[in-house]
Amino acid sequence: MKSANVQPCIHPDAHVHDRKAFLREVAAVCNERGLRLTPLRERVLHLVASAERPVKAYDLMQQVRDDKGVVAPPTVYRALDFLLEHGFIHKLESINAFIGCHQPRIRHSAPFLICDSCGRAVEMENEQAARVLEEQALILGFQPSAQTLEVHGRCARCARAS
Ligand SMILES: [Zn+2]
Ligand SMILES: [Zn+2]
């Protein structure tokens with residue numbers, strides 16, 4: 001993620017946390033930026049947003065197929081690429097799954113907490129860690145092109161349950 005795109009987190013209240021608000025926000029951003037939210041892109045976005053846990057491309061393909069008949073996998077990948085490229089969803093590299101973003105309007109890099117017990121993931125609405133890493137890399141003359149910050153462990157709910 002380019003540093004020019006990384007902006008400080010605004011107040012959490014400005015983030016969208018419910019699915020409907022999220023889908024509305026993405027539609028509004030697409031409209032403003034002249035991006036085409038095709039029915040398939042919208043469907044994939046909807047599925048990612050509706051999932052309680054990060055979803056894998058394979059599962060998305062199954063779901064899209066169920067209600068649309070045969071859909072070629074590359075079409076689903078292209079829809080995911082579009083959503084990723086514009087910052088509407090994030091890809092969790094360590095589990096190879098996708099999750100909706102709480103701040104689809106602003107391009108950013110934020111750490112994720114991933115629970116290995118229940119599979120839920122939370123986006124930490126704090127960009128300090130990403131910024132520190134980027135600054136340190138630049139000091140060393142390293143030019144970062146991508147950043148993956150994923151912390152694995154057990155969420156509070158799972159930790160309490162055991
Ligand atoms: Zn995000
Ligand atoms: Zn958990």
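In each ligand, atom 1 is the first atom listed, and ligand 1 is the first ligand listed. Both backbone and side-chain heavy atoms feed into the values below; hydrogens, waters and symmetry mates do not. This structure is a prediction, so every number in the text was calculated from the model and none was measured.
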Compute the centroid of each ring, for F112 and then for H90, and state whether the two points are separated by less than 6.0 Å. yes
Do the side chain of H108 and the main chain of I106 share a donor and acceptor less than 3.5 angstrom apart? yes
Side-chain (E25) to main-chain (P104) donor-acceptor, under 3.5 angstrom: no
Residue list, side-chain contact (heavy atoms from CB on, under 4.5 Å) with P111, at least two apart or on another chain: M124, A129, L149
Go through the structure and list residues passing side-chain contact (heavy atoms from CB on, under 4.5 Å) with A51, not counting sequence neighbours. V55
Salt bridge (charged side-chain N to carboxylate O under 4.0 Å, His left out): pairs with one or both residues in residues 29-42, sequence neighbours excluded: E32-R105
Please determine whether E123 has a backbone or side-chain N, O or S atom lying under 2.8 Å from the Zn ion (ligand 1). yes
Give a yes or no on whether H102 keeps an N, O or S atom under 2.8 Å from the Zn ion (ligand 1). no
What do you get for the angle at the Zn ion (ligand 1) between NE2 on H90 and SG on C101, to the nearest 10 degrees? 100°
Atoms of type N, O or S from the protein that sit nearer than 2.8 Å to the Zn ion (ligand 2) number exactly 4
Member of R120, R53, E150 meeting the side-chain contact (heavy atoms from CB on, under 4.5 Å) criterion with I114: E150
Which N, O or S atom of H108 lies nearest to the Zn ion (ligand 1), by name: NE2
For T75 against L40, the heavy-atom pair lying closest together: O-CD2, 3.6 Å
